[in-house]
Amino acid sequence: MTTNISPADPARHLRSAEDPAELLAEARLSLHELPSDCLLLAGTGGRGTPPMLTRSSLRDLLAGNGAAHLASHLALMALRGSGGVHALVVIGDGYQGVLDEVIHEVLPRAAHLLRSAGTGPDATGARLLSVRGAADGRRWELTPVDPSAPRGAQRALPAGTLREFAETRAAASAVLRGRAIPRPAHADPRLAAIGRRLALPPVDLASPADPMALLESAETALAALRDGAEDAFAAEDMSKCEQLAALLSALAVDRLHWELLARLVEHGRERTIEREELLQELCRDPSWRPSEDVCAGGRWYRLLEEVREVATGALDGAVGSGRGTARPAWRALTTLLVLLSWWNHRFATAGRLVDELREREPESTLAPLLSRMTDTPIFPAWWPAA
């Protein structure tokens, strides 16, 4: 079970973890995306310990080894100061239409697993305080059919309308504080169209390119090219295309995309990190914390996501030698986002990206290595609530 752990601001608090709409809103603000098909766990925190909010894939929870992973998850939350947790099972995004048959199949199964792991006599992790559901635009209460019935006998009962995000106190507070409101993520077809039109140069293993400078140039080029992506490029746009092509060609070189990762890690810092032991340093030195620009929703994180869409288009449209550049460039961008997500304790997001890597390149030896970091999981040294 791969899990996102929200970066916690010590001054923040979860307003009403028992309210599904508020918990969904807090998760959206903390994770910088809409939670979907997931289990949200809100830890109570304690004196000197900010509350913790985690997200796990519902698919993983309901898999064969979901119960064991859930028990480990609750144990970790207890270790980090969450004595009790409120659970919310989210089907779809909580608001979209879902068949009642799906609701009455999934919610009771999830409730059974949660109560078995969080309230049983052998429970050693954070104690389960409540379990609710969000599906089909409604709130759901998940309760045992009968207190004396087997623990697996659960039922889902509708408990009213699920308030929209804009109607929550969490959203109102975010607006008052000037926080960015995450919007639903939609693939931008203009980015893939740009990628399909790029003429990619061959990979130069000895390239002296500065990948950070190329990334900065790509930001300007993408902004200029978006509106004309579906039409033939004007002559003055060709230089912008060349800038994007140069970035993809550079990232296809292992040495250069690793250098870009190091520069992103160092962003906002006055010191450098050892390239040869970069991941080891992130695992043992808690002073290395991601800056706002490389957190989900941050400037560089968003740009890497956009460039990856361009690379996807380039890979789908490339032929001959161009494919030999597009493929390692796409792989590098996916790896960069996996590692940045991992560093941000967004293990579920990193796991989803690894799945994409495995699907597109089933013979890849990289995917299993990245999976070990996200599924075990191996934790970065810094902790969001520290």
Side-chain angles (χ1 to χ4, degrees), residues 32-33 179-201 203-204 207-231 233-253 255-269 272 290-318 322 325-326 328-341 343-344 346 349 353:
H32 298 278
E33 62 184 52
R179 298 182 65 206
I181 304 297
R183 304 298 178 188
H186 298 293
D188 187 344
R190 296 173 298 178
L191 296 174
I194 291 171
R196 287 192 294 270
R197 288 167 169 78
L198 294 182
L200 297 178
V203 177
D204 178 7
S207 171
D210 179 342
M212 195 68 192
L214 290 176
L215 186 64
E216 291 173 345
S217 297
E219 182 178 33
T220 303
L222 275 179
L225 288 172
R226 278 180 188 274
D227 292 339
E230 294 298 336
D231 303 319
F233 286 125
E236 60 268 21
D237 289 336
M238 293 308 298
S239 63
K240 300 181 181 66
C241 296
E242 290 169 356
Q243 292 170 16
L244 290 171
L247 173 62
L248 295 185
S249 179
L251 293 179
V253 179
R255 168 179 53 84
L256 294 181
H257 76 244
W258 198 254
E259 173 63 21
L260 179 58
L261 176 62
R263 300 277 287 277
L264 292 171
V265 167
E266 295 167 350
H267 181 65
R269 301 277 181 162
T272 60
S291 74
E292 183 177 348
D293 285 338
V294 297
C295 287
R299 175 189 177 190
W300 297 123
Y301 192 98
R302 289 199 313 270
L303 181 57
L304 287 172
E305 289 180 317
E306 293 176 352
V307 175
R308 182 172 175 267
E309 289 190 47
V310 172
T312 301
L315 181 55
D316 292 339
T325 300
W330 179 88
R331 186 192 308 127
L333 285 158
T334 302
T335 301
L336 282 168
L337 286 168
V338 167
L339 294 173
L340 289 178
S341 296
W343 192 31
N344 279 281
R346 296 170 57 83
T349 300
L353 290 166

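Note that the numbering runs from 1 along the sequence shown for the chain.
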Please check if the side chain of E259 supplies one atom and the backbone of P211 the other of a donor-acceptor pair under 3.5 Å.
-> no
Say you draw a straight line from [atom1] of [X] to [atom2] of [Y]; how long is it, rounded to the nearest 0.5 Å?
X: N344; Y: L339; atom1: CG; atom2: CG; result: 11.5 Å
X: K240; Y: Q243; atom1: NZ; atom2: CD; result: 7.5 Å
X: L214; Y: L260; atom1: CG; atom2: CG; result: 9.5 Å
X: L191; Y: L244; atom1: CG; atom2: CG; result: 9.5 Å

Side chains of [X] and [Y]: does their closest heavy-atom pair fall under 4.5 Å?
X: D204; Y: V253; result: no
X: L264; Y: L304; result: yes
X: D210; Y: R263; result: yes
X: W330; Y: L248; result: no

Stepwise side-chain contact (heavy atoms from CB on, under 4.5 Å) check, W300 with E216 = CA-CA 9 Å; W300 297 123; E216 291 173 345; 3.5 Å; yes
Knowing that exactly one of L353, L261, T349 qualifies, which makes a side chain to side chain contact (heavy atoms under 4.5 Å, CB included) with L340?
-> L261
Starting from the C-alpha separation in whole Å, work towards a yes-or-no answer on salt bridge (charged side-chain N to carboxylate O under 4.0 Å, His left out) for E306 and R302.
-> CA-CA 6 Å; E306 293 176 352; R302 289 199 313 270; 5.7 Å; no
